[in-house]
Amino acid sequence: MLVNHLCKAHRVDDALDMLKKMKEGSDGISIKPDVVLYNTLIDGLCKVGRQEEGFLLMEQMKSEHNCAPNVVTYNCLIDGFCKSGEIERAHELFDQMNKENIVPNVITINTLVDGMCRNGRISNAMEFFRKMQEEKGIKGNAVTFSTLISAFCNVNNIDRAMRLFDEMESLGSPDALAYYSLISGLTLAGRPDDAAFIASKMKKYGFLPDLLTYNTLIGGFCRKKKLDKAVEILKDMEDSKIKPDSVTYNTLISYFTQNGDFETAHKFLKQMVKDGNAPTVVTYGTLIHGHCLAGNLDEGLNLFEEMLRTSKVVPNNVIYNILIDSLCKCGKVDDALSLMDGMLEKGVRPNTTTYNAMLKGLSSRNRLKDASRLMNQMTTQACNPDYITMEILNDWFSAIGEVDKLKQFVQGFQVSSSAA
DNA sequence: TTAGGGTTAG
C-alpha cells in the first residue's frame, strides 16, 4: 500500500528507497518483496518515463526468490515503452514473454494495439489484433474495439470504425465508452444524425448517455446549423434527468447568436442562470462575438464593460481578440491598440491571434511604425508567427517594397526561439 | 500491481 501510493503520487524514488530498506531489513522491517511489489514499482517507473530502469528492475526480480515476472510485469513495461513511442521495444518484450511461456492476456493486446494506433500504425494494430484472435484465441473486448474505433475515426475512416462497431455488437461486448467513441467520431466527421442514431441504440441496450455525450451531440448538430435538432437533444437530455451544464448552454447560446437569434439565446441564458450556472467567460465571449458578427460592435463593447463591472468573470485573450479584431475591421485601429494596452495592464497575454488581428488592422491603414513595434514585441515574447501572420506581412511588405523587414523579423524570431 | 474518452467562444 505504501509503495503503491508513493508511486501513484509520482514519488518513485521514495518508493525505491522503501524496497531497498525492506531488502536490508533496516527500520525493523523484514518483509520479503513479492511480485506485486515489484510490479507496482515497475509500473511507477514506467508512468514517469523511466521504463529503462523498470526493465532493469525486472532483471533484478528474476534473481529473487519467488519473484518471477508475470503477465502484469510485462504489461506494465510494454505500456511504458509504447507510451514513449518505442513500439519496437514493446514488441521485443512481447516476444520475450512468449519465449518465457508467460501467456499474454487481453490487457497485453490492448496495450500494444493502443501503442501502435497512437503512433500512426493503425493497419499494423489491426493485423496484430487479428493475428492474436487466430493464434491465441483472444477475442478482444470493449477496450480493444473502442481503441480501434477511435483510431479509425481520427483518420476519418468512418466506414472501418462502423464495421468494427458492428463486429463488437455481434460479439456482445460494447460498453458506454465504446458507444461514446463512435458517437464522438461521427460527430467530428460532421455526421450528427448518425451519431444520434448510435446514441438511441445505446439507450435501447441499457446504457445512458452522460452529460459529455449529450454535449458532444448538441455541439455536432449546432456546427451543422441544425439548431432544431440540437434543441431536441436538449429535451431528450432533460427527459433522461441529465442536467445541462454551462457547456451545454454556452454551445446553444453561441450558435443561436451566430444565427442572429438573440431572443432564443437570451432565453437559454436565463434558463442557464435559473439552473444555477453563472455565465462564464465563454458565455460572455460567445455573446460579444455574436454582437460583433451582427455588426453591433458597440453592443459588444457595452457587454464587455458590463462583464468587467458586474461579474466576477476575468477576461481572457479570446474575449480581447474578438473585440480587437472587430475594432480593426471597423477601421478603429487606435481603439484596438488601446484595448491591447488594457489587456497587458490586466496581465492577459496576447497570443498569435491577437497580433494577427492587430497587424491586419495596421496594414489596412499602412501604419508601419506601430507594426514594427508589435513585431518586436512578438519576438521578445517568443510569440510564434503562424502562416496567417506571414501572409499578412508578406502581402503588405511586398506591396510597399519592404520585404527586408519581413526577413529581419523571421531571423529575429529564429534567434529568440533558439535562445529560449 | 496492468489497458480505452470527452464537450463550449476568437
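Letters A, B, ... are given to chains in the order of the sequence lines, protein chains preceding strands, and every chain is numbered from 1.
Under 4.0 angstrom from either OP1 or OP2 of B:dT7 there lies no side-chain N or O belonging to A:Arg223. At B:dA3, one or more side-chain N or O atoms of A:Lys47 fall inside 4.0 Å of OP1 or OP2 (strictly under the cut-off). Remark: A:Tyr214 is not in phosphate contact with B:dG6, judged by side-chain N or O atoms under 4.0 Å from OP1 or OP2.
When distances are taken from the side chain of A:Lys8 to each of B:dA3, B:dA9, B:dT1, the shortest belongs to B:dT1. The side chain of A:Asn39 lies closest to B:dT1 when the candidates are B:dT1, B:dA9, B:dA3. If you check B:dA3, B:dG5, B:dA9 against the side chain of A:Asp210, the one that comes closest is B:dG5.
Rounded to an integer number of Å, the gap from CD1 of A:Ile288 to C1' of B:dT8 is 15 Å. Regarding A:Leu293, its CG atom lies at a distance of 13 Å from the P atom of B:dA9, rounded to whole Å.
Ionic pairing of A:Glu169 and A:Lys204 is not present here: no N-O contact between side-chain nitrogen and carboxylate oxygen is shorter than 4.0 angstrom. By the 4.0 Å N-to-carboxylate-O rule, A:Asp334 lies close enough to A:Arg367 to be salt-bridged with it.
With hydrogens and angles ignored, no donor-acceptor pair closer than 3.5 Å exists between the side chain of A:Thr147 and the base of B:dG4.
Ring planes of A:Phe128 and A:Phe94: perpendicular class, angle over 60° (limits at 30 and 60°).
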* To do: Please assess A:Gln51 against A:Phe55 for the test side-chain contact (heavy atoms from CB on, under 4.5 Å), listing each intermediate value before the final yes or no.
  => CA-CA 6 Å; A:Gln51 56 281 351; A:Phe55 182 78; over 6 Å; no

